[in-house]
Amino acid sequence: MSRIGDTLKALKGSGSKALIPYIMAGDPSPVATRQYVLDLEAAGADIIELGVPFSDPLADGPTIQRAAERALNKGITLRKVLRIVREIRKESDIPLILMTYYNPVFKMGIESFIKSAVSSGVDGVIIPDLIPDEAEDFIKQARLYGLDTIFLLAPTSTPERIRKVVKASTGFLYYVSITGTTGSKLSIEKTMKDTLHSIRDVTGIPVAVGFGISSPKEASAVAKMADGVIVGSAIVKLIAQGKSIKHYVKSLRKAI
Amino acid sequence: MNSNSGNYPDSKGHFGQYGGRFVPESLMPALIELEHAYAKYKKDRTFLNELESLQKDFIGRPTPLYFAGNLTALVGGARIYLKREDLCHTGAHKINNAIAQALLAKRMGKTRIIAETGAGQHGVATATGAALTGLECEIYMGSEDIRRQSLNVFRMRLLGAEVTAVDTGSKTLKDAINEALRDWTTNVRNTHYVLGTVFGPHPYPLMVRDFQSVIGREARKQILKAETKLPDCLIACVGGGSNSIGLFHAFLKDNIRMIGVEAGGEGIKSGRHAARFAGGSLGIFQGCKSYLLQNKDGNVLGTHSVSAGLDYASVGPEHCYLRDLKKIEYTYATDTEALKAFEVLSRTEGIIPALESAHAVAEGIKTASSMPRNSIMIINLSGRGDKDVQEVARIKGI
């Protein structure tokens, strides 16, 4: 089993939920990103998502769009993010996931990216604009090299889509809590509970929920229904303001 | 509605290796719903009757196929015909697609339509469709384009649409599409996204092509009537590629030379252009796999063209496929060449073309001059130039 799978299994064994923070790699600098990862781990994160900046992040809201613009202006590329991961791996074994749009991966070459990601110490990838229907080759290569492929489900997902996404996913499933972009306002609808139930009906794979979770109170409510809670924009905002993230992440940890 | 679709795209929207669906999972149910609704209504007689009636009485179809005698005499080669899409209601071919999608949205029970726009033509067409069908309408437009096209912004607002400025990225068309996709992801349950060209995720490239292919079906009949034979050459400009596919599609089995003209901007070497075939490579952008202007790290490059409607980093996937099959050839016209053609057509024929269409006219003049005098060329005059007059005056320092 992968580092991600092991972590989630251990958490489940002890009856706790995974805290999965997201930060934009290279914002404000590669050195800062390495330090933030270490800080997040110390504050109680279980798995960390590193965003790869892209020129056209169509699944992201304004907070992460601006973080991507800042990172791109600093010259951060997919290859540089992999270099940051190698640096982090010298000091930490925390499971790391890249969240990247598909074109940078496609441009690098699918196999070349997967080999390089795995050898750098990446455990899984989330590609918001790659659906399982178009990911046959990607999934095949990822299985071959042992990289987890985390696909997304949404409140609009039909039973047919759920089955398809479940089949393509390893590590965990990413349930998008709202129809909308990252950082939108969360509403814990009945839909979330119902969809999570229908996911659980077809799979035992852990489900983490993200998009729109910002307060410890929301994190706590979501944690009651899911195996993990993903928080991105709220942390990225603190980083943009130059504020410390430790206190906030600790409060999330406590809440779930 | 379309008899020439051949064996593509496949069921997942692939034109050979191009096309497909590269979107957030949240949109998949909406795309599948749209695909099914389109498959149903394109065979629904009541829907088609309503569309045909609006094409005739509202849009003003069939548009004329005009023999440009003065231009032909000036060039001294092929007999040049202009397909007058500039005479469509709202001034460009964009309305063919916008009205059809608005009708479809209404049939699908949606209460709101959204669209992106660059120069404003598709935004105006969509706002018009919304006014006609009684749907709520929001148009996304880059703040840079809003500044350049203030008249069209006013037109959209007059038609009852809300125009939302997009202030991210390059503040132009591609950013407006990102924002429209974000809106659609958020409001997918009651909203239909009226994508303006043969681009994006399946079924848009197929559906928009079908809605625009009325241009070529009419032109084919009209030229047979006027000349009792098929043309030797067809020319159209290519931004996303909807007016060109619209003209070319009915002629694909006829072995006719077809030329798509991209925006050469300040020249390929300058890096300031939107010639995807001349300067791009295979990539994945805004929902589909196609040729893309990108850097070595897979980030999308800024583009440039004097014409906002051609100023886009990628091109419809069917174009890539037809290029591989050698059915269509692609070239480009620079800003300077397009501006010259803009003036030539205005003076010789009394027709002010859109700057987009002026790219096709520029290539048409070049190609026609080397063709025999009894040969025939059709240029798609995709839009009228009123919207560009102010910008051209600015460029000329008037």
Side-chain angles (χ1 to χ4, degrees), chain A residues 52-62 65-66 68-69 72 75-81 100-109 113 127-135 151-158 160-162 164-165 168 173-176 178-182 184-185 191 211, chain B residues 11-14 17 19-33 166-170 173-191 200-202 281-290 292-302 313-314:
Chain A
V52 177
F54 179 55
S55 53
D56 294 85
L58 60 83
D60 285 301
Q65 285 174 46
R66 280 194 290 269
E69 270 181 41
L72 285 174
I76 303 298
T77 61
L78 179 55
R79 283 172 208 279
K80 283 191 181 159
V81 175
T100 175
Y101 287 85
Y102 193 37
N103 197 50
V105 169
F106 181 78
K107 184 73 179 169
M108 188 189 264
F113 163 74
I127 306 180
D129 58 346
L130 181 66
I131 54 170
D133 317 54
E134 294 284 354
F151 286 93
L152 289 84
L153 279 170
T156 49
S157 297
T158 56
E160 196 196 338
R161 295 302 304 167
I162 292 174
K164 197 165 233 171
V165 170
L173 271 169
Y174 192 133
Y175 179 72
V176 176
I178 41 167
T179 58
T181 53
T182 55
S184 310
K185 201 171 150 29
T191 325
F211 281 43
Chain B
S11 63
K12 289 178 174 178
H14 297 115
Q17 65 168 318
R21 273 175 177 152
F22 295 87
V23 291
E25 184 64 36
S26 312
L27 288 180
M28 276 309 287
L31 288 171
I32 293 168
E33 181 193 3
V166 178
D167 220 7
T168 51
S170 59
L173 179 59
K174 82 176 174 74
D175 310 285
I177 295 180
N178 286 335
E179 211 49 42
L181 283 167
R182 289 182 188 119
D183 178 316
W184 199 29
T185 309
T186 308
N187 301 300
V188 60
R189 290 181 179 102
N190 71 349
T191 299
H202 179 62
S281 56
L282 195 59
I284 286 146
F285 182 54
Q286 294 182 332
C288 67
K289 190 185 285 184
S290 183
L292 175 65
L293 292 169
Q294 57 182 328
N295 67 17
K296 64 180 188 349
D297 301 303
N299 284 301
V300 180
L301 291 172
S314 191

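Residue numbers begin at 1 in each chain, while the letters A, B, ... track the order of the sequences. Just so you know, these numbers come straight off a predicted model, no measurement behind them. Atom set for the values below is all heavy atoms of this structure, side chains included, hydrogens, waters and symmetry mates excluded.
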**OP:** Indicate yes or no: at least one non-hydrogen side-chain atom of A:P57 is less than 4.5 angstrom from one of B:R182.
**Re:** yes
Original post:
In Å and rounded to the nearest 0.5 Å, what is the CD1 to CG distance from B:I177 to A:L58?
Top reply: 10.5 Å
Subject >> Region of B:N295 that comes under 4.5 Å of a non-hydrogen atom in chain A >> reply: backbone
**OP:** Tell me, for B:I32 versus chain A, whether the close heavy atoms (under 4.5 Å) come from the side chain, the backbone, both or neither.
**Re:** side chain
**OP:** With rounding to the nearest 0.5 Å, note down the distance linking CD1 in B:I284 to CG in A:D56.
**Re:** 13.5 Å
Original post:
CZ/A:F54 to CZ/B:F285 distance, rounded to the nearest 0.5 angstrom?
Top reply: 6.5 Å
**OP:** Measure distances from A:L72 to the heavy atoms of chain B and classify the residue's part below 4.5 Å as side chain, backbone, both or neither.
**Re:** side chain
**OP:** Against chain A, label B:K289 side chain, backbone, both or neither, depending on which of its atoms sit under 4.5 Å from a heavy atom there.
**Re:** side chain
Original post:
Where on A:V165 is there a heavy atom nearer than 4.5 Å to chain B: the side chain, the backbone, both, or neither?
Top reply: side chain
Original post:
Is there a side chain to side chain contact (heavy atoms under 4.5 Å, CB included) between B:H14 and A:E134 once you walk through the steps?
Top reply: CA-CA 10 Å; B:H14 297 115; A:E134 294 284 354; 2.9 Å; yes
Subject >> Close side-chain approach of A:N103 and B:F22, heavy atoms under 4.5 Å >> reply: no
**OP:** For residues A:R79 and B:K296, determine if any side-chain heavy atom of one lies less than 4.5 Å from a side-chain heavy atom of the other.
**Re:** no
**OP:** Can you measure from OG (B:S26) to CG (A:L152) and round to the nearest 0.5 angstrom?
**Re:** 7.5 Å
Original post:
Does B:E25 use its side chain to pair, donor to acceptor, with the backbone of A:A154 at less than 3.5 Å?
Top reply: no
Original post:
At a heavy-atom separation under 4.5 Å, does B:L301 approach chain A through its side chain, its backbone, both, or neither?
Top reply: neither
Original post:
With a 4.5 Å heavy-atom cut-off, do B:E179 and A:Q65 have their side chains touching?
Top reply: yes
Original post:
Mind checking whether A:D133 and B:R21 have side chains closer than 4.5 Å, heavy atoms only?
Top reply: no
Original post:
Just how far is it from atom CD of A:E69 to atom OG1 of B:T168, taken to the nearest 0.5 Å?
Top reply: 6.5 Å
**OP:** Nearest 0.5 Å please: distance from the CG atom of A:L78 over to the CG atom of B:N299.
**Re:** 9.5 Å
Original post:
Hey, are B:S281 and A:K107 close enough side-chain-wise for a donor-acceptor pair under 3.5 Å?
Top reply: yes
Subject >> Engaged part of B:V188 at the chain A interface, taking heavy atoms whose separation is under 4.5 Å >> reply: side chain
